[in-house]
A.B. asks: 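First the structure, which I've put down as C-alpha coordinates, then a few questions once you've had a look.
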Amino acid sequence: MSDKKHLTFNQQCYELLKQIPEGKVSTYKALANALGTKAYQAVGNAMNKNPNPYVVPCHRVVQTNGELGGFAYGPKEKIALLKKEGVHIEDNKVVDFKIHFFDGFQP
DNA sequence: CGGTTGACCAAGT
DNA sequence: GACTTGGCCAACC
(Lines give C-alpha, C1' and ligand atoms only; values in the text may rest on other atoms or scores of the structure.)
Protein backbone atom coordinates (compact mmCIF):
# COMPACT_ATOMS: atom_id res chain seq x y z
CA MET A 1 0.00 0.00 0.00
CA SER A 2 2.69 2.42 0.67
CA ASP A 3 3.88 1.93 -2.85
CA LYS A 4 3.16 5.32 -4.20
CA LYS A 5 3.50 5.52 -7.91
CA HIS A 6 4.67 8.69 -9.42
CA LEU A 7 1.58 9.91 -11.08
CA THR A 8 2.16 12.41 -13.78
CA PHE A 9 0.59 15.81 -13.61
CA ASN A 10 -2.04 14.59 -16.01
CA GLN A 11 -3.01 11.63 -13.84
CA GLN A 12 -3.36 13.90 -10.84
CA CYS A 13 -5.73 16.06 -12.83
CA TYR A 14 -7.89 13.07 -13.67
CA GLU A 15 -8.10 12.02 -10.04
CA LEU A 16 -9.11 15.51 -9.07
CA LEU A 17 -11.72 15.67 -11.79
CA LYS A 18 -13.34 12.54 -10.49
CA GLN A 19 -14.04 14.43 -7.28
CA ILE A 20 -16.39 16.76 -9.09
CA PRO A 21 -19.99 15.77 -8.31
CA GLU A 22 -22.68 15.62 -10.92
CA GLY A 23 -24.25 18.88 -11.97
CA LYS A 24 -21.17 20.84 -10.92
CA VAL A 25 -18.39 22.42 -12.90
CA SER A 26 -14.90 23.65 -12.18
CA THR A 27 -12.21 25.67 -13.84
CA TYR A 28 -8.72 24.85 -15.03
CA LYS A 29 -7.31 27.33 -12.59
CA ALA A 30 -9.13 25.73 -9.66
CA LEU A 31 -7.70 22.37 -10.60
CA ALA A 32 -4.18 23.69 -10.91
CA ASN A 33 -4.60 25.53 -7.65
CA ALA A 34 -5.82 22.33 -5.96
CA LEU A 35 -2.72 20.58 -7.24
CA GLY A 36 -0.60 23.36 -5.86
CA THR A 37 0.62 24.73 -9.16
CA LYS A 38 -0.11 27.49 -11.61
CA ALA A 39 0.03 25.37 -14.68
CA TYR A 40 -3.49 26.17 -15.81
CA GLN A 41 -2.53 25.40 -19.33
CA ALA A 42 -0.81 22.19 -18.31
CA VAL A 43 -4.14 21.08 -16.83
CA GLY A 44 -5.94 21.79 -20.07
CA ASN A 45 -3.13 20.09 -21.89
CA ALA A 46 -3.73 17.01 -19.78
CA MET A 47 -7.39 17.00 -20.77
CA ASN A 48 -6.46 17.05 -24.41
CA LYS A 49 -4.54 13.86 -23.89
CA ASN A 50 -7.30 12.50 -21.70
CA PRO A 51 -7.13 8.75 -22.42
CA ASN A 52 -10.47 8.02 -20.77
CA PRO A 53 -12.94 10.82 -21.42
CA TYR A 54 -15.75 8.66 -20.14
CA VAL A 55 -13.99 7.76 -16.91
CA VAL A 56 -13.03 11.32 -16.17
CA PRO A 57 -15.70 14.04 -16.24
CA CYS A 58 -13.49 16.31 -18.26
CA HIS A 59 -16.64 17.93 -19.63
CA ARG A 60 -17.24 19.47 -16.22
CA VAL A 61 -14.26 21.73 -16.60
CA VAL A 62 -14.66 25.18 -18.08
CA GLN A 63 -12.65 28.36 -18.31
CA THR A 64 -12.43 30.92 -15.53
CA ASN A 65 -14.47 33.44 -17.47
CA GLY A 66 -17.36 30.97 -17.68
CA GLU A 67 -16.75 29.84 -21.24
CA LEU A 68 -16.61 26.18 -22.14
CA GLY A 69 -13.05 26.34 -23.31
CA GLY A 70 -12.64 23.36 -25.57
CA PHE A 71 -13.44 19.73 -26.03
CA ALA A 72 -11.66 17.02 -27.96
CA TYR A 73 -14.98 15.66 -29.23
CA GLY A 74 -16.31 19.10 -30.15
CA PRO A 75 -17.93 21.82 -28.04
CA LYS A 76 -21.37 20.55 -29.03
CA GLU A 77 -20.74 17.30 -27.23
CA LYS A 78 -19.55 19.11 -24.13
CA ILE A 79 -22.69 21.20 -24.03
CA ALA A 80 -24.90 18.18 -24.46
CA LEU A 81 -23.24 16.36 -21.58
CA LEU A 82 -23.38 19.34 -19.25
CA LYS A 83 -26.98 19.93 -20.15
CA LYS A 84 -27.72 16.36 -19.20
CA GLU A 85 -26.02 16.91 -15.87
CA GLY A 86 -28.25 19.87 -15.22
CA VAL A 87 -25.87 22.61 -16.29
CA HIS A 88 -27.36 24.70 -19.05
CA ILE A 89 -25.19 26.40 -21.61
CA GLU A 90 -25.90 29.58 -23.50
CA ASP A 91 -23.78 31.20 -26.19
CA ASN A 92 -20.94 28.82 -25.35
CA LYS A 93 -21.04 30.01 -21.75
CA VAL A 94 -22.23 28.34 -18.57
CA VAL A 95 -25.50 29.63 -17.15
CA ASP A 96 -25.21 30.51 -13.46
CA PHE A 97 -21.60 29.46 -13.65
CA LYS A 98 -20.91 30.67 -10.12
CA ILE A 99 -23.73 28.54 -8.79
CA HIS A 100 -22.53 25.36 -10.43
CA PHE A 101 -18.93 26.15 -9.60
CA PHE A 102 -17.28 23.51 -7.44
CA ASP A 103 -14.13 24.23 -5.47
CA GLY A 104 -14.42 21.73 -2.62
CA PHE A 105 -11.63 19.46 -3.75
CA GLN A 106 -10.65 17.06 -1.02
CA PRO A 107 -6.93 16.42 -0.50
C1' DC B 1 18.32 18.21 -23.48
C1' DG B 2 16.33 22.44 -26.21
C1' DG B 3 12.37 23.98 -28.46
C1' DT B 4 7.42 23.58 -29.52
C1' DT B 5 2.72 22.94 -28.12
C1' DG B 6 -1.63 23.54 -25.58
C1' DA B 7 -9.15 22.20 -23.90
C1' DC B 8 -5.40 28.81 -20.06
C1' DC B 9 -5.16 33.46 -17.46
C1' DA B 10 -4.32 38.29 -16.61
C1' DA B 11 -3.11 42.68 -17.91
C1' DG B 12 -2.45 46.16 -21.37
C1' DT B 13 -3.89 48.81 -25.62
C1' DG C 1 -15.73 46.22 -24.67
C1' DA C 2 -12.95 43.53 -28.00
C1' DC C 3 -8.33 42.35 -29.45
C1' DT C 4 -3.12 41.66 -28.53
C1' DT C 5 0.78 40.42 -25.87
C1' DG C 6 3.25 38.16 -22.39
C1' DG C 7 3.65 34.65 -18.90
C1' DC C 8 3.29 30.06 -16.57
C1' DC C 9 3.96 25.05 -16.45
C1' DA C 10 4.04 20.18 -17.83
C1' DA C 11 4.20 16.83 -21.67
C1' DC C 12 5.95 15.61 -26.29
C1' DC C 13 9.46 15.42 -30.37
Side-chain angles (χ1 to χ4, degrees):
Chain A
M1 342 178 15
S2 12
D3 51 290
K4 240 194 336 189
K5 299 206 165 148
H6 177 252
L7 298 177
T8 59
F9 189 83
N10 304 18
Q11 293 289 342
Q12 295 191 35
C13 292
Y14 307 144
E15 295 295 306
L16 213 60
L17 275 166
K18 289 193 223 163
Q19 298 185 33
I20 303 180
E22 184 179 289
K24 297 264 178 157
V25 289
S26 183
T27 68
Y28 300 99
K29 185 169 184 159
L31 285 162
N33 188 17
L35 293 173
T37 180
K38 296 131 187 143
Y40 330 110
Q41 198 149 32
V43 176
N45 211 3
M47 303 289 99
N48 186 348
K49 294 178 192 161
N50 188 355
N52 34 5
Y54 290 96
V55 179
V56 178
C58 46
H59 58 268
R60 288 182 192 153
V61 186
V62 294
Q63 292 186 206
T64 313
N65 65 328
E67 285 185 21
L68 289 176
F71 197 60
Y73 288 77
K76 201 165 56 65
E77 190 68 26
K78 188 165 183 174
I79 294 169
L81 284 165
L82 286 170
K83 203 183 238 174
K84 259 193 250 206
E85 302 273 324
V87 182
H88 292 260
I89 308 296
E90 187 136 337
D91 193 36
N92 244 55
K93 298 185 195 76
V94 181
V95 180
D96 295 321
F97 167 61
K98 299 167 64 160
I99 299 176
H100 293 290
F101 183 70
F102 173 80
D103 58 345
F105 292 109
Q106 306 295 7

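We name chains A, B, ... by the order of the sequence lines, and we start the count at 1 in each one. Just so it is clear, the structure is predicted and the values come from calculations on it, not from any experiment.
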A.B. asks: CG of A/Asn45 versus P of C/dC13: gap in Å, rounded?
C.D. replies: 12 Å
A.B. asks: Let me know the distance between CG of A/Asn33 and C1' of C/dC9, rounded to the nearest Å.
C.D. replies: 14 Å
A.B. asks: So with a 6.0 Å cut-off around NZ of A/Lys93, is the heavy-atom count from everything else above 12?
C.D. replies: yes
A.B. asks: Using heavy atoms to find the nearest nucleotide of DNA chain B for A/Val43 and A/Thr64 separately, return the residue whose nucleotide is more 5′.
C.D. replies: A/Val43
A.B. asks: Counting the atoms with a prime plus P, OP1 and OP2 as sugar-phosphate, which does A/Thr27 contact under 4.0 Å by heavy atoms, base, sugar-phosphate, or nothing?
C.D. replies: nothing
A.B. asks: Where the side chain of A/Phe9 is concerned, which of B/dC8, B/dA7, C/dA11 is the nearest nucleotide?
C.D. replies: C/dA11
A.B. asks: Tell me the interatomic distance from A/Leu7, atom CG, to C/dA11, atom P, rounded to whole angstroms.
C.D. replies: 11 Å
A.B. asks: Do the side chains of A/Asn50 and A/Asn52 get nearer than 4.5 Å, heavy atoms only?
C.D. replies: yes
A.B. asks: Counting C-beta onward and ignoring hydrogens, is there a side-chain heavy-atom pair between A/Met47 and A/Cys13 closer than 4.5 Å?
C.D. replies: yes
A.B. asks: Heavy-atom distance under 4.5 Å between the side chains of A/Arg60 and A/Leu82, does that happen here?
C.D. replies: yes
A.B. asks: Can you check the A/Leu68 CG to B/dC8 C1' distance for me, whole Å?
C.D. replies: 14 Å
A.B. asks: Could you check how far CG of A/Asn10 sits from C1' of B/dC8, rounded to whole Å?
C.D. replies: 15 Å
A.B. asks: Quick check for you: among C/dA11, C/dC9, B/dA7, whose closest atom lies nearest to any side-chain atom of A/Met47?
C.D. replies: B/dA7
A.B. asks: Side-chain N or O of A/Asn48 less than 4.0 angstrom from OP1 or OP2 on B/dA7?
C.D. replies: yes
A.B. asks: For the side chain of A/Ala42, counting heavy atoms from C-beta on, which of B/dG6, B/dC8, B/dA10 is nearest?
C.D. replies: B/dG6
A.B. asks: Compare side-chain N and O positions of A/Lys49 against OP1 and OP2 of C/dA10 and report whether any pair is under 4.0 Å apart.
C.D. replies: no
A.B. asks: Counting C-beta onward and ignoring hydrogens, is there a side-chain heavy-atom pair between A/Leu35 and A/Gln12 closer than 4.5 Å?
C.D. replies: yes
A.B. asks: If you look at every strand shown and take non-hydrogen atoms under 4.0 Å, does A/Tyr28 touch a base, only sugar-phosphate, or nothing?
C.D. replies: base
A.B. asks: What's the NE2-C1' distance between A/His6 and C/dA11, to the nearest Å?
C.D. replies: 12 Å
A.B. asks: Starting at atom CG of A/Asn65, determine the distance to atom P of C/dA2, rounded to an integer number of angstrom.
C.D. replies: 12 Å
A.B. asks: Rounding to an integer number of Å, can you tell me how far A/Ile89 CD1 sits from B/dA7 P?
C.D. replies: 19 Å
A.B. asks: With respect to the phosphate group of B/dC9, does any side-chain polar atom (N or O) of A/Gln41 fall under 4.0 Å of OP1 or OP2?
C.D. replies: no
